[in-house]
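Heavy-atom basis, side chains included; hydrogens, waters and symmetry copies ignored.
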Amino acid sequence: MGHDGTGSEGTGHESSGHESPDREGSGAGEPLRVLVVQHEDVCPPAVLGDALVREGAVVDVVRPDLGQPLPSSLGRRGPGRRHGGHDALVVLGGTAAADDDARWPWLPAVRALLAACVADGTPVLGVCLGAQLLARATGGRTGPAPRGPEHGVLPVLPVPGVEDDLVAAVGGDGPWRAVQSHGDAVLELPAGGEVLATSAACDVQVFRVGRARGVQYHPEATGEVVAAWCDDDDVRRQLAAGGLTVEGVVGAVADAEPELAEGARHHARVLLAEAAAVRAERSRGAPAGAPVAPARVSAGAPA
């Protein structure tokens, strides 16, 4: 589907959420708020949004493609930030390239928001195109994946010896499976960036810069979502070139849905744990952008 095959119908996460006890001293009984940037109708937060809500967050979806304005920064401290702002940012995928500003004129504002979050320590999760935008926003380079597109449920391989809460949560000591649907990739990390996981066809599957992470795969995907992605001539051509079929890819994702939903829950939990840690540190007077002690993610109860 163009550069990043993503899609599904909207899932109703706009301004959704439910109250839950505060996480790790986040303060005032107020739930954590996550801003989700959605670029087009067919690319919603899906099961990742569900997981964030189930973990107690309020999820607000902003649609710059529909003319909804993006903030210049997030968080609860510092110039230009309103009280009660968002604690974390998720930027979803889409069919444009990370530098396709002519097609999607709001991309410079998304990159500026990502850069501001990295600068001030606000936790971020960039998904597929969102990961590529994060890399570009902080000085990295993106483009067509050198070894070609990836599609389907494929292994993600942690870098040996890496220490990272997300990698530990989703993979433990070994690989995990995730939905791939992309033709572009991160080719060069920004200064200070660290590769956390790879795949057979992509050298940067997960990376971290500051308190922001990018994942090239799709933790939000379901079989229904992937079926919508495959209703696209570019994706069908990519599948055929790789010896894949729509039925085979969609069926594999549908069969893996329980495993994938658990992965989405781990992504949500890690993001929210870090957001809670940042809020707690700032409530104790740490300046915006100050280093924050690493969050620790508890196992929690099954969803």
- Message: Rounded at 0.5 Å granularity, tell me how far CD in E274 sits from CG in L272.
- Response: 10.0 Å
- Could you pull out the closest heavy-atom pair between A191 and V209, with the gap in Å? O-CG2, 4.4 Å
- Note on the structure: Nearest heavy-atom approach of Y217 to V179 is CB-O, 3.2 Å
- Item | Any donor-acceptor pair under 3.5 Å from Q216 side chain to V204 backbone | no
- Task: Using the test salt bridge (charged side-chain N to carboxylate O under 4.0 Å, His left out), find all partners of R208 that sit at least two apart in sequence or belong to another chain.
- Result: D164, E194
- Start with the C-alpha distance between T95 and R103, add both sets of side-chain angles, then the distance that settles side chain to side chain contact (heavy atoms under 4.5 Å, CB included), and finish with yes or no. CA-CA 10 Å; T95 54; R103 180 180 172 195; 2.8 Å; yes
- Stepwise salt bridge (charged side-chain N to carboxylate O under 4.0 Å, His left out) test for D203 and R147: CA-CA 10 Å; D203 292 336; R147 296 194 291 279; 2.9 Å; yes
- Query: Taking it one step at a time, do T138 and R111 satisfy side chain to side chain donor-acceptor pair (under 3.5 Å)?
  - Reply: CA-CA 8 Å; T138 52; R111 293 193 299 267; over 6 Å; no
- Beyond-backbone contact of Q238 with H151, side-chain heavy atoms, under 4.5 angstrom: yes
- Message: Minimum heavy-atom separation for P219 and A264, please, with both atom names.
- Response: O-CB, 3.3 Å
- Tell me, please, which residues at least two apart from A88 pass side-chain contact (heavy atoms from CB on, under 4.5 Å). V34, P123, L271, A275
- Does the side chain of V278 come within less than 4.5 Å of E281's, by heavy atoms? no
- Interatomic distance, CD@E262 vs CD@E257, rounded to 0.5 Å, equals 14.0 Å
- Is a donor on one side and an acceptor on the other found under 3.5 Å between the side chain of D87 and the backbone of R33? yes
- Hey, could you give me the CG/CZ distance between L166 and R213, rounded to the nearest 0.5 Å? 5.0 Å
- Message: Do V110 and V91 have side chains that approach each other closer than 4.5 Å (heavy atoms only, starting at C-beta)?
- Response: yes
- Task: List the steps, then state whether side chain to side chain contact (heavy atoms under 4.5 Å, CB included) holds for V124 with R211.
- Result: CA-CA 7 Å; V124 171; R211 296 195 71 85; over 6 Å; no
- Task: Working to the nearest 0.5 Å, report the span between CG of D232 and CG of L239.
- Result: 10.0 Å
- Check whether any side-chain heavy atom of L154 lies under 4.5 Å from a side-chain heavy atom of S199, and answer yes or no. no
- Task: Give the cluster check for V195 versus V118: same hydrophobic cluster or not, with ILVMFWY residues linked at side-chain heavy-atom distances below 4.5 Å.
- Result: yes
- Are the side chain of R236 and the backbone N or O of C230 linked by a donor-acceptor pair below 3.5 Å? yes
- Item | Donor-acceptor contact below 3.5 Å, side chain R136 vs main chain V186 | no
- Message: Do E150 and S181 pair up side chain to side chain, a donor and an acceptor below 3.5 Å, judged on atom types alone?
- Response: no
- Query: Would a 4.5 Å heavy-atom cut-off, applied to side chains only, mark V36 and L92 as touching?
  - Reply: yes
- Message: Test your reading of the model: is there a side-chain donor-acceptor pair from E40 to the backbone of D65, 3.5 Å cut-off?
- Response: no
- Query: With a 4.5 Å heavy-atom cut-off, do L48 and V90 have their side chains touching?
  - Reply: yes
- Residues C128 and H182: closest non-hydrogen pair is SG-CB, 3.7 Å
- Establish, from distance only, whether the side-chain atoms of Q205 and T198 form a donor-acceptor pair under 3.5 Å. no
- Message: Within the structure provided, determine whether D99 and T142 are in side-chain contact (heavy-atom separation under 4.5 Å).
- Response: no
- Message: Check for me, please, whether V162 and L125 land in the same ILVMFWY cluster - side-chain distances under 4.5 Å, paths through other members count.
- Response: yes
- Would you say V61 and P45 make side-chain contact, with heavy atoms under 4.5 Å? yes
- Message: Quick check: is L157 connected to V170 through a chain of hydrophobic side chains (ILVMFWY, heavy atoms under 4.5 Å apart)?
- Response: no
- Under 3.5 Å: donor-acceptor pair, side chain of H218, backbone of E220: no
- Residue pair Q68, Q38: steps toward the side chain to side chain contact (heavy atoms under 4.5 Å, CB included) verdict: CA-CA 11 Å; Q68 296 176 1; Q38 179 178 338; over 6 Å; no
- Query: Do R177 side-chain atoms and E259 backbone N/O form a donor-acceptor pair below 3.5 Å?
  - Reply: no
- What is the minimum heavy-atom distance between C117 and L89, and which atoms define it? SG-CD2, 3.9 Å
- dist L35:CG -> L74:CG (nearest 0.5 Å) comes out at 5.5 Å
- In terms of hydrophobic clustering (I, L, V, M, F, W, Y; side-chain heavy atoms under 4.5 Å; direct or indirect links), are L187 and L114 co-clustered? no
Scan the side chains in residues 244-253 for donor-acceptor partners under 3.5 Å anywhere in the protein, sequence neighbours excluded, and list what turns up.
from, atom 1, to, atom 2, distance (Å)
T245, OG1, G248, N, 2.9

- Query: Say you draw a straight line from CH2 of W104 to CG of L129; how long is it, rounded to the nearest 0.5 Å?
  - Reply: 6.0 Å
- Task: Could you verify whether a donor N or O on one side chain and an acceptor N or O on the other, from W106 and H39, lie under 3.5 Å apart?
- Result: yes
- Full working for side chain to side chain contact (heavy atoms under 4.5 Å, CB included) between V47 and D50: CA-CA 5 Å; V47 293; D50 293 340; 4.2 Å; yes
- Looking only at non-hydrogen atoms, find the nearest pair between W176 and A197 and report the distance. CH2-CB, 3.8 Å
